[in-house]
Protein chains: 2
Amino acid sequence: MATADLHIVVGAKLRNVGQRYTARRRALVEILERARQPLPIPEILDAGMSLAQSSAYRNLAVLEQAHVVRRVVTGEEFSRYELAEDLTGHHHHLVCSNCGAVRDVTIPTRLERSMERALDEVASDTGFAAVSHRLDLIGTCRACG
Amino acid sequence: MATADLHIVVGAKLRNVGQRYTARRRALVEILERARQPLPIPEILDAGMSLAQSSAYRNLAVLEQAHVVRRVVTGEEFSRYELAEDLTGHHHHLVCSNCGAVRDVTIPTRLERSMERALDEVASDTGFAAVSHRLDLIGTCRACG
DNA sequence: CTTCCTGCAAAAGTTTTGCATTAAC
DNA sequence: GTTAATGCAAAACTTTTGCAGGAAG
């Protein structure tokens with residue numbers, strides 16, 4: 001998606017939940033777009049815009065409610081944020097258990113489908129309405145290996 | 001696994017990393033065994049044993065290093081702990097996005113295998129050594145649905 | 001002009017650490 | 001008897017909140 005289109009879609013999502021699309025929020029979205037992987041708050045703050053930490057947390061919470069970003073918890077000290085799958089497409093994460101690095105990855109559609117089917121079945125067997133899934137690979141990245 | 005055998009295995013795992021298997025740690029293991037799903041610290045402390053909060057955190061960290069327990073982060077306020085898969089077998093989690101409840105679940109072996117294969121391939125394509133995976137279903141449980 | 005966003009500072013809440021005491025080996 | 005685990009209290013650290021000032025519609 002081109003950045004201009006991205007802003008249009010994000011703006012619409014924010015208006016849907018009664019929120020404005022301010023300069024700060026636009027900058028946050030662009031930082032996450034460029035990153036192409038989930039970023040922790042400190043990296044977001046160091047990315048060049050001058051933004052108060054409290055505003056970062058508040059804006060990311062708003063963007064999450066608007067389904068613009070997703071919070072990714074990895075067990076590290078800070079949670080990470082990425083653009084929501086509505087905007088980037090469905091994907092999974094490689095997580096390095098040594099350094100904590102996270103990298104986006106996709107798996108074959110065929111497998112994605114059969115997983116989806118099996119999960120729906122497993123969920124409904126236990127009275128659970130499955131909405132989505134989260135699949136992470138834990139291992140060691142090239143730098144740490 | 002019978003509880004008696006469990007204690008033998010856990011004791012061995014702790015000795016492997018130069019740690020003792022004390023009464024507190026035994027009690028923690030039994031609480032997690034009975035729970036059959038990942039418990040947050042407050043529930044562990046309320047489970048009847050009188051254990052200082054700091055000791056709970058310290059002991060769970062030791063048990064994690066010894067590969068006796070696994071820390072499960074769900075994005076809730078508290079992290080949760082469960083017995084490691086070495087002891088309970090490989091499984092996944094249903095996570096209720098409303099109330100945060102977590103329930104253990106297994107998926108068909110066939111699917112588990114093809115997922116494993118695909119993930120190894122995806123990982124090695126990106127210079128990543130995949131060790132394990134984590135698959136959660138996000139949805140709403142019966143009580144919240 | 002009214003409403004909401006922003007920054008600063010302080011609070012809240014989870015997890016970690018220091019230290020004296022007690023238990024394990 | 002020596003080494004390590006425990007409880008208590010306090011600290012550290014991430015995230016949230018209150019409030020006054022400024023931007024957006």
Between C/dC25, D/dG7, D/dT15, which nucleotide gets closest to the side-chain atoms of A/Gln53? D/dT15
It should be established whether B/Thr22 places a side-chain nitrogen or oxygen under 4.0 Å from OP1 or OP2 of nucleotide C/dA23. no
Between D/dC19, D/dA5, C/dA9, spot the one nearest the side chain of B/Arg20, thanks. D/dA5
So does B/Ser79 get a side-chain nitrogen or oxygen closer than 4.0 Å to the phosphate oxygens (OP1/OP2) of C/dT15? yes
Polar pair under 3.5 Å, donor/acceptor by atom type, side chain A/Arg24, base D/dG22: no
Taking the side chain as every heavy atom from C-beta outward, state whether A/Val9 and A/Met1 have any atom pair closer than 4.5 Å. yes
Taking OP1 and OP2 of D/dT6, is either one under 4.0 Å from a side-chain nitrogen or oxygen of B/Asn59? yes
Rounded to whole angstroms, how far apart are OH on A/Tyr21 and P on C/dC4? 20 Å
With a cut-off of less than 4.0 Å, is there a side-chain N or O of B/Ser55 near OP1 or OP2 of D/dG7? yes
Is the B/His133 to A/His93 ring centre distance short of 6.0 Å? no
Any B/Tyr57 side-chain nitrogen or oxygen under 4.0 Å from OP1 or OP2 of C/dT15: yes
Give a yes/no answer on whether the side chain of B/Gln19 brings an N or O atom under 4.0 Å of OP1 or OP2 in D/dA4. no
Taking the minimum atom-to-atom distance to the side chain of B/Glu77, which one of C/dG7, D/dG7, C/dT14 wins? C/dT14
Nearest-angstrom distance from the residue atom CZ of B/Arg26 to C1' of D/dT6: 16 Å
Salt-bridge criterion met for B/Glu64 and B/Arg71 (N-O under 4.0 Å): no
Would you indicate, yes or no, if D/dA5 has its OP1 or OP2 atom less than 4.0 angstrom from a side-chain nitrogen or oxygen of B/Arg25? yes
